[in-house]
Undergrad: 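A single structure is presented below for examination.
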Amino acid sequence: MRRPFVLTFFVLALAIRSTAETRQAANPELKYYADAYADHYGVPRTLVHAIIAQESNWNPHALSNKGAAGLMQLMPATAGTYRVRDRFSVTENLSGGIQYLADLMTEFRGELRLTVAAYYCGSRHIARRGLNYRNPDVVSYVEAVRDRYQLELHEHADRDIPMPGKGQ
């Protein structure tokens with residue numbers, strides 16, 4: 001009786017992971033807008049993809065228990081600052097969230113670890129303590145985004161580099 005349960009659990013876990021990984025691929029419109037706003041605001045596409053994957057798993061209707069909403073999980077105050085009226089609107093959410101990310105990149109002079117940490121918890125704490133900020137939730141978030149970012153970089157490299165002997 002234990003074997004079918006373990007097998008069922010394993011298959012379910014794979015299905016959940018597969019669904020999560022394909023959400024972006026299932027809706028190319030989300031990626032299109034994310035890439036367009038990333039290019040417009042000068043933020044690396046791979047970073048934007050990693051943030052979205054970590055924040056909402058590419059779900060434009062995501063809502064956190066703390067009140068963050070949409071693809072980039074904008075809090076009401078951040079949304080207001082970036083003139084986002086409807087946090088569940090794909091274009092408004094991406095525009096505001098990526099503009100905020102661009103501003104953080106400028107504030108932290110391109111240091112991605114600080115930028116990502118500030119995206120998670122606000123720039124005040126990170127500006128004061130820098131890389132010495134050791135809140136376990138923030139550290140965990142930055143590591144998770146870093147892992148997703150590296151995965152995105154590898155995926156882009158695989159797509160951008162032609163196979164030897166093919167078309168060359």
Undergrad: According to a 4.5 Å side-chain heavy-atom criterion applied to Ile, Leu, Val, Met, Phe, Trp and Tyr, with indirect links allowed, do Val139 and Phe108 form part of one hydrophobic cluster?
TA: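 In one cluster with Val139: Phe108, no.
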Undergrad: Taking all heavy atoms of Met75 and all of Lys66, pick out the closest pair and write down the distance.
TA: CE-O, 3.2 Å
Undergrad: Can you tell me how far apart OG1 (Thr46) and CD (Gln150) are? Round to the nearest 0.5 Å.
TA: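 Nearest 0.5 Å value for the OG1-CD distance: 10.5 Å.
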Undergrad: What side-chain donor-acceptor pairs closer than 3.5 Å can you find for residues 114-131, not counting sequence neighbours?
TA:
unit_1 : atom_1 : unit_2 : atom_2 : d
Thr115 : OG1    : Glu111 : O      : 3.0
Tyr119 : OH     : Met72  : O      : 2.7
Arg129 : NH2    : Asn132 : O      : 3.4

Undergrad: Return the minimal non-hydrogen interatomic distance between Gly70 and Ser56, and the atom names on each side.
TA: O-CB, 3.5 Å
Undergrad: Say whether Leu71 and Tyr32 are linked into one hydrophobic cluster, either directly or through other cluster members, by side-chain heavy-atom distances under 4.5 angstrom.
TA: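 Linked, Leu71 and Tyr32 end up in one cluster.
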Undergrad: Should Val43 and Tyr37 count as side-chain neighbours, where that means a heavy-atom distance under 4.5 Å?
TA: no
Undergrad: Pairing donors with acceptors under 3.5 angstrom, does anything connect the side chains of Ser95 and Tyr33?
TA: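 Per modelled atom types, Ser95 and Tyr33 side chains form no pair under 3.5 Å.
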Undergrad: Out of curiosity, Ile98 CD1 to Asn93 CG, how far, rounded to the nearest 0.5 Å?
TA: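 Ile98 CD1 to Asn93 CG: 9.0 Å, rounded to 0.5 Å.
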Undergrad: Has the side chain of Asn135 got a donor or acceptor atom that lies under 3.5 Å from a matching backbone atom of Asp137?
TA: yes
Undergrad: Heavy-atom distance under 4.5 Å between the side chains of Arg113 and Arg146, does that happen here?
TA: no
Undergrad: What's the separation between atom NE2 in His49 and atom CG in Leu153, rounded to the nearest 0.5 Å?
TA: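 Nearest 0.5 Å value for the NE2-CG distance: 11.0 Å.
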Undergrad: Can you name the closest pair of heavy atoms from Arg87 and Leu74 and give their distance?
TA: NH1-O, 2.8 Å
Undergrad: Could you tell me whether the side chain of Leu112 reaches within less than 4.5 Å of the side chain of Val145, counting heavy atoms only?
TA: no
Undergrad: How many angstroms lie between OG1 in Thr78 and OH in Tyr100, if you round to the nearest 0.5 Å?
TA: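 Going from OG1 on Thr78 over to OH on Tyr100, the span is 5.0 Å.
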Undergrad: Not counting sequence neighbours, which residues clear ring pair (Phe, Tyr, Trp, His ring centres under 6.0 Å) with His40? List them please.
TA: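 By the ring pair (Phe, Tyr, Trp, His ring centres under 6.0 Å) rule, His40 matches no residue at all.
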Undergrad: For the side-chain contact (heavy atoms from CB on, under 4.5 Å) test, which of Val90, Ile52, Asn27 pairs with Pro60?
TA: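 Among Val90, Ile52, Asn27, the one that satisfies the side-chain contact (heavy atoms from CB on, under 4.5 Å) with Pro60 is Val90.
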Undergrad: Is there a donor-acceptor contact under 3.5 Å from the side chain of Glu152 to the main chain of Ala50?
TA: no
Undergrad: Return the minimal non-hydrogen interatomic distance between Arg85 and Glu92, and the atom names on each side.
TA: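 Of all heavy-atom pairs spanning Arg85 and Glu92, the closest is N-OE1, 2.7 Å.
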Undergrad: State yes or no: do Leu94 and Tyr41 share one hydrophobic cluster built from I, L, V, M, F, W and Y residues joined by side-chain heavy-atom distances below 4.5 Å, directly or via other members?
TA: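 Leu94 clusters together with Tyr41.
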Undergrad: So which atom in Phe88 and which in Ala69 form the shortest heavy-atom distance, rounded to 0.1 Å?
TA: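 Minimum heavy-atom separation between Phe88 and Ala69: CZ-CB, 3.6 Å.
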Undergrad: Does the side chain of Tyr141 come under 3.5 Å of the side chain of Glu55 through a donor N or O and an acceptor N or O?
TA: yes
Undergrad: Kindly give the heavy-atom pair with the smallest separation between Leu47 and Met105, and that separation in Å.
TA: CD2-SD, 4.1 Å
